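Everything on this sheet refers to the single structure shown next.
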There are 4 protein chains.
Amino acid sequence: MTDPAPRPGRGRRPAAEVRTAALAAAAEVLLSEGIRAVTFERVATTGGLSRTTLHKWWPTPGALAVEAYFARAEPLLDFPDTADVEADLTTQLTAFVVLLTGPTGPVVAGLLGAAQSDPALAAAWSEHYSRPRRDLAVRALRRARSRGQVAEDVDLAVVVDQLWGACYHRLLIPDEPLTPDLARHLVRNVLHGIAPRSGPGAGVRDGLTGLVTAARGRFGRR
Amino acid sequence: MTDPAPRPGRGRRPAAEVRTAALAAAAEVLLSEGIRAVTFERVATTGGLSRTTLHKWWPTPGALAVEAYFARAEPLLDFPDTADVEADLTTQLTAFVVLLTGPTGPVVAGLLGAAQSDPALAAAWSEHYSRPRRDLAVRALRRARSRGQVAEDVDLAVVVDQLWGACYHRLLIPDEPLTPDLARHLVRNVLHGIAPRSGPGAGVRDGLTGLVTAARGRFGRR
Amino acid sequence: MTDPAPRPGRGRRPAAEVRTAALAAAAEVLLSEGIRAVTFERVATTGGLSRTTLHKWWPTPGALAVEAYFARAEPLLDFPDTADVEADLTTQLTAFVVLLTGPTGPVVAGLLGAAQSDPALAAAWSEHYSRPRRDLAVRALRRARSRGQVAEDVDLAVVVDQLWGACYHRLLIPDEPLTPDLARHLVRNVLHGIAPRSGPGAGVRDGLTGLVTAARGRFGRR
Amino acid sequence: MTDPAPRPGRGRRPAAEVRTAALAAAAEVLLSEGIRAVTFERVATTGGLSRTTLHKWWPTPGALAVEAYFARAEPLLDFPDTADVEADLTTQLTAFVVLLTGPTGPVVAGLLGAAQSDPALAAAWSEHYSRPRRDLAVRALRRARSRGQVAEDVDLAVVVDQLWGACYHRLLIPDEPLTPDLARHLVRNVLHGIAPRSGPGAGVRDGLTGLVTAARGRFGRR
DNA sequence: TTTTAAGCGAGACGGTACGTCGTGTCTTCAT
DNA sequence: ATGAAGACACGACGTACCGTCTCGCTTAAAA
């Protein structure tokens with residue numbers, strides 16, 4: 001693939017240099033062949049490094065892979081913060097879907113897959129990405145709530161699962177395609193609910209069995 | 001665990017017998033040590049089988065693992081179908097969460113993780129489990145829609161992602177815990193939305209900024 | 001050095017073929033670079049073999065090395081058995097010294113050195129070489145004794161140490177050189193002792209078979 | 001075993017102090033686990049030293065090991081020098097056998113084994129031990145010769161090989177056990193020879209000091 | 001007495017070997 | 001014919017040393 005990058009000197013090289021070389025090599029392998037190809041052996045050879053060194057810095061090839069991924073990934077996009085939650089969420093989520101739809105999709109899927117049997121990888125992913133990401137989203141939702149756009153008693157973490165989690169679902173268990181307008185649907189559903197809007201005609205439903213409960217769940221509370 | 005099941009005879013054994021022996025051995029390893037331990041080598045040893053045979057029947061250890069999993073798993077629960085969608089969904093989803101919370105959780109996580117780099121496993125999972133499951137859920141939602149409990153223009157597949165997908169999210173990226181009441185929140189959110197009921201039509205709601213209603217509606221329930 | 005001997009087929013090869021290939025490769029490395037170069041890694045690459053296979057057949061690189069050595073070495077020379085012990089021993093021992101003086105010397109030294117920290121090697125050496133060799137020598141001495149050429153109460157095993165062991169000593173702790181006439185001295189010393197023969201009374205020995213030659217070998221020379 | 005001897009200071013320490021610490025650590029490892037465990041790494045760790053330093057002072061772990069061995073070993077025993085060669089040699093050789101039979105035996109064997117592939121070790125052994133030892137023995141034999149107890153034309157170096165070398169043989173190629181009475185047999189054999197003393201000429205020896213005992217020890221037995 | 005530099009400690013890095021495990025392929029044998 | 005038994009090549013893992021090199025710092029020797 002790339003040059004074997006033969007290192008003449010046998011002595012010590014500054015740690016930083018080696019680290020970046022390792023991350024570069026790992027990223028290259030990761031992006032071109034997937035995480036299964038990211039082995040210490042492979043990274044060592046393509047990066048002109050010693051396997052021993054990799055073992056010293058990363059507990060697991062997976063951990064190296066995540067770090068390489070983030071070293072190359074763009075920083076976390078900050079949430080847009082207009083007064084319109086729906087638009088903001090849709091924008092943000094669409095960007096996410098686009099990301100997963102592109103070449104990064106399989107990579108992320110692979111990483112998450114590997115994380116299921118590699119605690120080090122899972123921890124790194126959580127620390128570098130998913131936790132901050134979640135926090136960002138929750139903060140945005142909290143802002144929306146403070147603006148009166150989200151009900152007070154809603155567990156915001158759950159909302160995140162229903163937006164981003166839904167996208168991950170389509171990524172990881174691809175029975176349904178990941179399409180750009182998925183974001184729109186997700187946001188709309190979770191904001192306004194999928195139960196029909198009553199309007200004036202809401203009365204119509206009165207008397208229907210079964211619907212009663214549902215309707216009550218929504219309106220009948222008083 | 002169990003005996004190595006020594007098979008003295010070297011000649012041919014009936015195919016069916018071999019298959020069930022393989023599935024039993026695989027299930028045992030899978031449930032006790034996770035999918036990473038389900039290798040042809042291991043299954044062959046603990047099942048008293050020949051590795052060659054396993055290669056012939058399953059393309060991948062992962063494929064064998066899924067099949068073993070389903071050979072032992074309970075059949076798909078049918079959806080309850082009272083007239084109350086919310087209750088039905090909550091019931092069903094709670095059962096799912098309970099499943100994932102129990103000992104099966106890690107197993108499923110492992111399988112899904114492995115599926116990301118094992119197309120055979122992914123296909124088997126989709127065919128045996130996720131597709132039928134999705135269809136079941138969509139059918140239930142469709143029934144609800146036909147009863148007028150779900151808005152016409154809602155993409156039902158998306159709703160599935162927002163319910164089950166959200167649970168998978170918590171399973172696979174465990175930044176937040178999988179708790180039993182998650183199901184309730186998920187269903188409520190997606191049915192009624194998290195935005196406060198407001199606007200002109202909210203006249204019903206006493207002119208309160210909508211949060212009131214929502215809050216009331218919610219707390220009034222218990 | 002030699003051809004990498006690329007093996008196209010991945011499947012099984014007859015065991016015998018592999019064994020001989022391994023032994024050949026090991027012998028080559030052993031004779032050209034000494035036992036320290038005989039590692040599984042090295043033998044595997046130069047022989048076009050898999051390291052795993054070598055592990056299966058030999059417990060230790062050293063064990064492989066001994067076996068390779070004997071696979072290439074000439075069979076044990078049988079003892080000459082004329083009626084003259086001194087001549088016979090000298091002949092035999094001289095051959096041994098010549099062997100150790102030649103290119104085989106360092107190899108044997110290396111093997112014996114390695115045997116000190118490799119029980120498998122030591123066992124193989126003992127079984128294949130040193131024990132039979134000792135037995136051969138002891139048998140020859142026993143024959144001599146039965147001919148009346150060796151005193152009845154002599155521990156023959158000790159004599160072997162004083163002949164062959166002395167040579168090993170010069171090989172392994174080379175403070176003094178291994179020269180061809182060492183053999184002669186060794187035999188003479190141990191047969192007749194280094195204490196001075198009484199002088200004129202030497203005539204007494206005339207008439208004794210076998211000893212005559214020996215005595216002459218020493219005193220008759222001047 | 002002992003404490004890791006934590007050295008807080010990072011700066012320079014007097015050379016002598018470092019050397020003795022290294023030797024002590026090396027000796028400890030050598031005596032408890034054999035020479036294979038004496039690696040720079042190991043000695044550095046257990047001695048609280050830096051590997052770099054060890055590299056500067058000793059070319060090879062083996063060289064360090066020998067030096068550590070001698071730093072701890074008792075000084076060379078001087079030869080007893082009564083007028084009785086046989087007794088003197090037997091005494092001295094018995095002490096040697098006892099040494100090799102005890103805990104030191106395996107250590108010496110290991111050192112000699114390692115010496116076969118470590119010239120630095122071999123040189124150190126020769127210089128510190130084997131050469132002086134040989135010289136001592138040869139000097140003792142020379143004294144005996146000047147007393148007329150050893151024949152004039154005997155190569156004394158060869159005798160040493162037949163005495164000490166024989167013991168080394170049993171140590172390094174342990175097909176026969178190293179027993180205390182080995183020393184006696186060795187000395188007797190080499191002094192008087194193993195060929196039967198026969199005939200009337202045996203009377204000649206009467207009156208000779210020392211030899212008488214030996215001869216009697218032998219013939220008187222039956 | 002002050003300065004200087006010798007040399008140790010800490011530790012990183014490339015490299016070689018070990019022993020183990022799993023895979024995919026192949027062959028031979030028994031039923 | 002097909003399953004079993006099992007051998008082989010291959011690739012990866014994790015560990016252990018080695019030899020080399022770069023720092024930072026202390027202290028012993030030089031000024």
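Keep in mind that this is a model prediction, so the values were computed, not measured.
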Margin query: What I want to check is whether an N or O donor and acceptor connect the side chain of D:Arg51 with the base of E:dG9 at under 3.5 Å.
Written below: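 When only heavy-atom distances are counted, D:Arg51 does not reach the base of E:dG9 through any donor-acceptor pair under 3.5 Å.
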Review point. Within the modelled atom types, does a donor on one side and an acceptor on the other bring the side chain of C:Thr52 and the base of F:dC10 under 3.5 Å apart?
Key: yes
Nearest heavy-atom approach of B:Ala63 to B:Ala120 is CB-CB, 4.2 Å
In terms of heavy-atom contacts, B:Pro61 and B:Thr39 come closest through CB-CA, 4.2 Å
**Study point:** Side chain of B:Val18 - closest among E:dA17, F:dA12, F:dA4
**Key:**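 The nucleotide sitting nearest to the side chain is F:dA4.
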Could you walk me through whether C:Glu28 and C:Arg42 satisfy the salt bridge (Lys or Arg N to Asp or Glu O under 4.0 Å) test, starting with their C-alpha distance in whole Å, then the side-chain angles of each, then the deciding distance to 0.1 Å, before giving a yes or no? CA-CA 11 Å; C:Glu28 187 186 312; C:Arg42 195 79 162 25; over 6 Å; no
Take atom [atom1] of [X] and atom [atom2] of [N], then tell me their distance rounded to the nearest Å.
X        : N      : atom1 : atom2 : answer
A:Glu41  : E:dC18 : CD    : C1'   : 14 Å
C:Arg36  : F:dC18 : CZ    : P     : 10 Å
D:Arg19  : E:dC8  : CZ    : P     : 11 Å
A:Lys56  : F:dT15 : NZ    : P     : 12 Å
C:Glu17  : F:dA9  : CD    : P     : 9 Å
A:Leu54  : F:dA12 : CG    : P     : 13 Å
D:Asp118 : F:dC18 : CG    : P     : 11 Å
D:His55  : E:dC13 : NE2   : P     : 17 Å

| query | Which of parallel (below 30°), tilted (30 to 60°) and perpendicular (above 60°) describes A:Phe70 and A:Trp125? | reply |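 Correct class here is tilted.
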- Query: Under 3.5 Å, is there a donor-acceptor pair between the side chain of D:Ser50 and the main chain of D:Thr52?
  - Reply: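 Flag set: sc D:Ser50 to bb D:Thr52 pair under 3.5 Å.
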Task: Residue met sooner reading DNA chain F from 5', once A:Ala37 and D:Pro59 are mapped to nucleotides - done: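 The residue whose closest nucleotide sits nearer the 5' end is A:Ala37.
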Requested in this report: Using the closest heavy atom to pick a nucleotide of DNA chain F for each, name whichever of A:Thr60 or C:Thr53 lands nearer the 5' end.
Outcome: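 Result: C:Thr53.
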### Query
Given F:dA7, is OP1 or OP2 found less than 4.0 Å from the side-chain N or O atoms of C:Trp57?
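No.
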* Just call it for D:Arg42: base, sugar-phosphate, or nothing, with non-hydrogen atoms closer than 4.0 Å on any strand. => nothing
